[in-house]
Amino acid sequence: MGGTPLPDGIKLIDENGKRLDGRRPDELRPLKIEAGVLKRANGSAYLEWGPNKVMAAVYGPRECHPRHMQDPTKALVQCHYNMASFSVDDRKRPGPDRRSQEISKITSEALTHVVFTEFFPKTSIDVYIEVLQASAGTRCAGLTAASVALADAGIPMRDLVASCAAGKIDDTVVLDLGKEEDNFGQADIPVGYIPRNDEIVLLQMDGDLTADQFKTGLNMAIEACKKIYEVQRDALKRKYTLPAGRNGEGAEVN
Amino acid sequence: MGGTPLPDGIKLIDENGKRLDGRRPDELRPLKIEAGVLKRANGSAYLEWGPNKVMAAVYGPRECHPRHMQDPTKALVQCHYNMASFSVDDRKRPGPDRRSQEISKITSEALTHVVFTEFFPKTSIDVYIEVLQASAGTRCAGLTAASVALADAGIPMRDLVASCAAGKIDDTVVLDLGKEEDNFGQADIPVGYIPRNDEIVLLQMDGDLTADQFKTGLNMAIEACKKIYEVQRDALKRKYTLPAGRNGEGAEVN
Amino acid sequence: MGGTPLPDGIKLIDENGKRLDGRRPDELRPLKIEAGVLKRANGSAYLEWGPNKVMAAVYGPRECHPRHMQDPTKALVQCHYNMASFSVDDRKRPGPDRRSQEISKITSEALTHVVFTEFFPKTSIDVYIEVLQASAGTRCAGLTAASVALADAGIPMRDLVASCAAGKIDDTVVLDLGKEEDNFGQADIPVGYIPRNDEIVLLQMDGDLTADQFKTGLNMAIEACKKIYEVQRDALKRKYTLPAGRNGEGAEVN
Amino acid sequence: MAKSVMADLKRDHITKLLSKGMRIDGRKFDEPRPLTVEKDFVQSAEGSARVHLGDTYVVVGVKLMVGQPFADTPNKGVLTTNAELKPLASEAFESGPPDQRSIEVARVIDRGIREGKAVDMEKLCIEPEKEVWIMFVDVHAIDYDGNLFDAGNIAAMAALKSAVVPAKRANKGEDYPLPVSHVPISVTAVKIGEHILVDPTYDEEIVADARLTVTTNEKGDLCAMQKGGSGSFRPEEVLRVVELSRKIGADIRSKI
Amino acid sequence: MAKSVMADLKRDHITKLLSKGMRIDGRKFDEPRPLTVEKDFVQSAEGSARVHLGDTYVVVGVKLMVGQPFADTPNKGVLTTNAELKPLASEAFESGPPDQRSIEVARVIDRGIREGKAVDMEKLCIEPEKEVWIMFVDVHAIDYDGNLFDAGNIAAMAALKSAVVPAKRANKGEDYPLPVSHVPISVTAVKIGEHILVDPTYDEEIVADARLTVTTNEKGDLCAMQKGGSGSFRPEEVLRVVELSRKIGADIRSKI
Amino acid sequence: MAKSVMADLKRDHITKLLSKGMRIDGRKFDEPRPLTVEKDFVQSAEGSARVHLGDTYVVVGVKLMVGQPFADTPNKGVLTTNAELKPLASEAFESGPPDQRSIEVARVIDRGIREGKAVDMEKLCIEPEKEVWIMFVDVHAIDYDGNLFDAGNIAAMAALKSAVVPAKRANKGEDYPLPVSHVPISVTAVKIGEHILVDPTYDEEIVADARLTVTTNEKGDLCAMQKGGSGSFRPEEVLRVVELSRKIGADIRSKI
């Protein structure tokens, strides 16, 4: 949220209330999820959300290394979020930077809430999120994909976590910011949500919002998470009822 | 001891034998020590010595990690000297550099000599020295503070180590160099000393000294250490007889 | 093999078929090996090959650290190839770079083949190769020296590995490229070879070669390895029959 | 295992008190600890502050150096925030490069300063595209008894308010006070069971299910937020923490 | 120990089949796995490809940035090849900086591109001695079932063939296709006992004695070679792998 | 534990001999080991030396590269000293980045060269504030039998004395010998019980209580000093080591 002024003459919302890519304020970008796409991982999911392309892989429960990190009472859910060097316009140096470490931390915490970690003491459940193409909203895309990958791995879970951001552009609260909206917008609110119990497990915000705008944005994100949750479930149903194929159609929204 | 020539017309010792800050050749900068200032650490000491501000904290004896460093016959005294990035004029990059690693090593060795390490086999006694504001003489300040912090932690010690440097400016041997004297002076001799047994446990020197000048400087530093030793003892007495407070007066010299 | 064009008027092979340093196409640079030159190492060898100066030291078999790398059925042969910062014209930053890590890997694999690793389960046999002066062909020089050092350490081996490169310059296949030939040549084929069993244990190639040229080069390198093998054996015999001295003459070729 | 048993006992004790409406140190649920702020604590820094929030003790130093702007903000200074959570301050901290915890603390404090537009970054431009002031905010934990997010934020804001741009030293004209436009303040609450407590101590932090930090400005608008911990918040709980943060933040702001 | 017992059993099984002329997945000894190549998979890259070689799945992205040439090649672009063998793709991979295995994969792929003169590097010069294009080839393993050398080489070549030099974005004139002059293709074979098999799966790789990768160009000439593993090859075996590589390489080249 | 038992036995043996006025290798207490110095050992370096001090074997190379001066010494070259204490030379050394031991060795050697004004750094200025020679002194331990401080110092001084500034290669005029003005020599002694021995072997080093290195110049003045080890020296012992160092240093200086 640099609050950088937009290039002259460009508005993020036009006179018809439409956004740069033609969406309504409360409209998601197209979302497609495919479960169980990798052979080596115990569970996996591939997600395309607008221009975002994200792969999530799950390994475990398996012995936790190094030993001193083992928890004798439960499994450790460790998420590793990574952006491929070519996923953004300016090549990113390989390896974890501070941003990706923060995202890994909050994603691990969100996923820990839904996994029955007490079933697997001393183990580690490792979640790898690889962003192959990035276009705003990758942490929500990663968390959404990771939930499906955990389920695909057969790990007992309380529920799936769905994730989506709301934001503010041109003083209007909107859903699921695109790349230009992220660069030139006024605020971003990524939310991770569990529909069944009305629980928020991931929440960040940056920018400038009144308390009312925040409330509106939070609700908008929550409603979107409910839709995303259905796409996640569809992806899993499709995997476990249809013969899955590399080129098979994933579950979709919009 | 770059031996860099002084800016024109400036002398480190004036015609009255006084130094830039008005001190006599054998005069210490003001020194104040407060023991037991931190809650988490097992022992601590805060020291102001001229413009130097140094915090020392001690943790342990505690299990030594990693295991392969454990000594089955005694405790390992490990000192970690660090300068805060804002403690010097040009911001220092965070993390240990070569200078701080050398100081950590010689400080660890000096402190090892006074701790009854054989009482605590397999353990580690960790000493953290944080320089918050630096103005020449921080290794002596750190060692002096660390001794008090070890005592405050209740760790059995043969004695306290007191530390002070002598040096040479304008061809004169003087005590406790200040920042300009360190930058433009001719030699520096940091000494760590145990008054009770007349033992030198830390000693370095750089610059240019005749053997006689060195002898003079060494004796001058030793005499100063005896005064500093009293300040250390006062700080500990004050802590253990008066109710200590964050704003309480520390022990002082000068 | 940059294939960089040579400075005007210079040819790598002259009208008499001689190379820049006067060698024939199939002629090695002078090679001298001395075994058992270090006191601390369990085995060692010092080699001068043209301008190359290479020291190899062997430690082990000894307990393998870290433990999780131990193989319960055999010893791990771990080679560490390093170029001294001053071994090349432009100072090399100390520490392993990607090139040296690759060479360490393929050298470890080549040596593993000749050591009776099954005699020493759970141990590590560490081979350190230090290039003090480099002038093309250091990986072959290192592997050749390391074999002798392993034998000097008394480690049971199937045989020695001899190593030499062939290459292509001025469209001619030649042996043992020199520095300019390496910089301005067309191809390089480092080979590690065991004469007794006619086995290739190290092989790389880069540049541009027809299949026939490759075959010619491979054979040329193999024939050279047979000569080098004799120099290796002589160095070991000399060590174990004559009183070895620091200034004693090593085994030689040419 | 011993560790975990201790944590369980501690949790039981704290929870039992909470169910009676009490905190272990006697505070009310919405009551932060006593705060003392000492500006200009470090002379070698361009701005600095020493802050005690209860027994949590933090020193922040601000350094300003001449450097290059980012290509996409050619007429703005650069902000870099770093948090040092070193074993000096707690057995819970480890040596080495910044871990996820210290990165999170630094980034949340950074986000507050940045998104709250604390400093007028355009006034840190010396020559567009060429030279700007690089502002380093270094947060050092000295004694850790919980809630470094707020102690660090407070100390950072106090240090910024005390800072002077050292233009003269760098031959860039006369010194001038760092242009602080806004004072974003973060307030952190934790959830233990069904209870929500502000400004947690270390013991409260380690037994907490979840944590929420909300940073607000003078107008009561929100500029940054961060949820942590493996527990969850219900939407109405989030809104309650937002309200608490606006109220308590205003109070803290008046003390800097 | 368990690990080693499993490896022994696997080896026995594979060897027994091989002695009957069979591979575990039914392929012939000189038959590579099915190959699918999808170019332009990643829009944020200047060139990219997704490749499946059997169950081995690799994504390569090519990025081009303006930078300085090396002093000894003042009129040539710069090639940098990196391989990410991360635990996403296999339990056999570890987190952290590149290990020897990923360095070897990257360097062998790099050597093929470089020595095979895949790209006309002089056409990546903007101004001699001052500015050239730096070409980053990043090979990401997504699912690892053996033979990353060939899967990575194929994906890299496909990505290069699809790449466009983003001159306009960098104010260096009009965009133009990356000048790909040659298509060096690597073929990897392993030796298990006395048998030589091309394009090994993971199971074949781990029981193999030795590995040999040979990279050839359109003319059938050799541009790179790499032996790996602690076993050995006899000279005639090397020559056989060279021949296999020339034949199979031509076939693969036609599919990119 | 075994390690510690061995050390105890070794200590007993060495101490018993010392009490009879004998060292394990038959030397007198104030007698350094035989020294051989071979200059110009490495042609790729601008200066180099191979030194054997007893069984301790060290190679030093000096490299000179054009670079920028430090802001506070705009008309002086830059000295960088590095020590490589790698497992090649001893089981006591470990792989990886420089540890405290190698940093100490490098810094003590550096301090001798720097404070002893060995090289006239102003003659390494090419253009004030712009270009100077950066001088890298790299000390490689090859075989470690104690006292790397002195072996490294001797090899460094010999390498500096043999060095030529490669001005021609860098297009900075004609080559000229490195301007070596002084030859600071360090002498190291250890204290075992009440005994003080110069030039300790490895076995003497590991059983020693404390170590003292004193570096002196031709005039017998002191330029650097470093105490190490967890034991102590009495002031008169320090002065005795100073005298020993002046005497022995002069002797060593004549051999370089």
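Keep in mind that this is a model prediction, so the values were computed, not measured. To find a chain, count down the sequence lines: A is the first, B the second, and so on, and within it residues start at 1.
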Choice from [options] maximising heavy atom contacts with chain A below 4.5 Å:
| options | result |
| --- | --- |
| D:Arg246, D:Arg234, D:Arg107 | D:Arg107 |
| D:Ala224, D:Gly116, D:Ala210, D:Pro98 | D:Ala224 |
| D:Gly228, D:Gly112, D:Gly229 | D:Gly229 |

Problem set entry | Atom group of A:Ile189 that falls short of 4.5 Å from chain D, counting heavy atoms |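 Interface part for A:Ile189: neither.
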Problem set entry | Interface moiety of A:Leu209 toward chain D, non-hydrogen atoms closer than 4.5 Å |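 For A:Leu209, backbone and side chain are both near chain D.
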Check each atom of [X] against the heavy atoms of chain A and say whether the ones under 4.5 Å are side chain, backbone, both or neither.
| X | value |
| --- | --- |
| D:Val238 | side chain |
| D:Glu237 | neither |
| D:Asp110 | neither |

For this session: Taking the side chain as every heavy atom from C-beta outward, state whether A:Asp159 and A:Tyr229 have any atom pair closer than 4.5 Å.
Result: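 Counting from C-beta outward, A:Asp159 and A:Tyr229 do come under 4.5 Å.
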Problem set entry | Modelled atom types, side-chain donor and acceptor of D:Ser186 and D:Thr215, under 3.5 Å |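 Side-chain D/A pair, D:Ser186 to D:Thr215: absent.
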Exercise. Can you tell me if D:Asn147 and D:Glu205 form a side-chain donor-acceptor pair at under 3.5 Å?
Worked result: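 Result is no, nothing qualifies.
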Exercise. Judged by atom type as modelled, is there a donor-acceptor pair below 3.5 Å linking the side chain of A:Asp170 to the main-chain atoms of A:Leu12?
Worked result: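 Yes: the side chain of A:Asp170 pairs with the backbone of A:Leu12.
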Exercise. Within the side chain of A:His80, is there an N or O that forms a donor-acceptor pair under 3.5 Å with the backbone of A:Tyr128?
Worked result: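 Not a single qualifying donor-acceptor pair exists.
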Exercise. In terms of heavy-atom pairs under 4.5 Å with chain D, which of A:Glu199, A:Glu102, A:Gln101, A:Lys215 leads?
Worked result: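 Highest number of pairs under 4.5 Å: A:Glu102.
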For this session: Count the heavy-atom pairs under 4.5 Å between each of A:Gln213, A:Arg98, A:Arg99 and chain D, then report the option with the highest count.
Result: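 Highest number of heavy-atom pairs under 4.5 Å: A:Arg98.
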Exercise. For A:Asp126 and A:Arg62, what are the C-alpha separation, side-chain angles and deciding distance, and is it a salt bridge (Lys or Arg N to Asp or Glu O under 4.0 Å)?
Worked result: CA-CA 9 Å; A:Asp126 294 297; A:Arg62 59 186 179 187; 3.1 Å; yes
Problem set entry | Partners passing ring pair (Phe, Tyr, Trp, His ring centres under 6.0 Å) against D:Tyr144 (at least two apart in sequence or in another chain) |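 D:Tyr144: ring pair (Phe, Tyr, Trp, His ring centres under 6.0 Å) contacts with D:Phe93, D:Tyr202.
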